[in-house]
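Notes follow the structure.
Being a predicted model, the structure only gives us computed values, none of them experimental.
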Amino acid sequence: MSEGILKTVGFDARFPNTNQSKHCFVNYVDYFRCVDAKGEEATICQEFKRNYQSLCPNEWIGKWDDQRENGNFPAKLTAN
C-alpha cells in the first residue's frame, strides 16, 4: 500500500446499506480503467485507489493483482 493519509470512503449512492464487498471490487476495477484512460497520476484515479485500499482486505487486493498479472482477472480493466 502506498504511503499517505487514509480516510474512510464517503457515501456512494450506488451502494446504500449493502455489504461493502461490491463497493470494494468496483473501486478496484474503476481505478485500473481510469489509469488506462487518464494515466496513473490523474486525481480521480487516485481517489479510486484510496477507496479500494480503504475498503478491500489486503488479501483480496493481492489475489486480484496476481490475477491481473496472469491475465485471468474476471473483469475488463481497459477503458474501451
Starting at [atom1] of [X], measure out to [atom2] of [Y] and round the result to the nearest 0.5 Å.
| X | Y | atom1 | atom2 | result |
| --- | --- | --- | --- | --- |
| Ser54 | Asn27 | OG | CG | 9.5 Å |
| Ile61 | Lys63 | CD1 | NZ | 13.5 Å |
| Tyr52 | Asp30 | OH | CG | 12.0 Å |
| Gln53 | Asn58 | CD | CG | 8.5 Å |
| Asp36 | Lys76 | CG | NZ | 9.0 Å |

Are Tyr28 and Trp60 an aromatic pair by the rule of ring centers under 6.0 Å? no
So, do Tyr31 and Phe25 have ring centers that fall under 6.0 Å from each other? no
Spell out, as yes or no, whether a donor-acceptor pair under 3.5 Å connects the side chain of Gln46 to the backbone of Glu40. yes
With a 4.5 Å limit on heavy-atom distance, are the side chains of Cys34 and Phe48 in contact? yes
Minimum-distance pair of heavy atoms, taken over all atoms of Cys45 and Lys38: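 In terms of heavy atoms, the two residues are closest at SG-CB, 4.3 Å.
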Let me check something: do Val26 and Val35 share a hydrophobic cluster, defined by ILVMFWY side-chain heavy atoms less than 4.5 Å apart, either directly or through other members? no
Starting from the C-alpha separation in whole Å, work towards a yes-or-no answer on side-chain contact (heavy atoms from CB on, under 4.5 Å) for Phe73 and Leu77. CA-CA 9 Å; Phe73 187 73; Leu77 297 175; 3.7 Å; yes
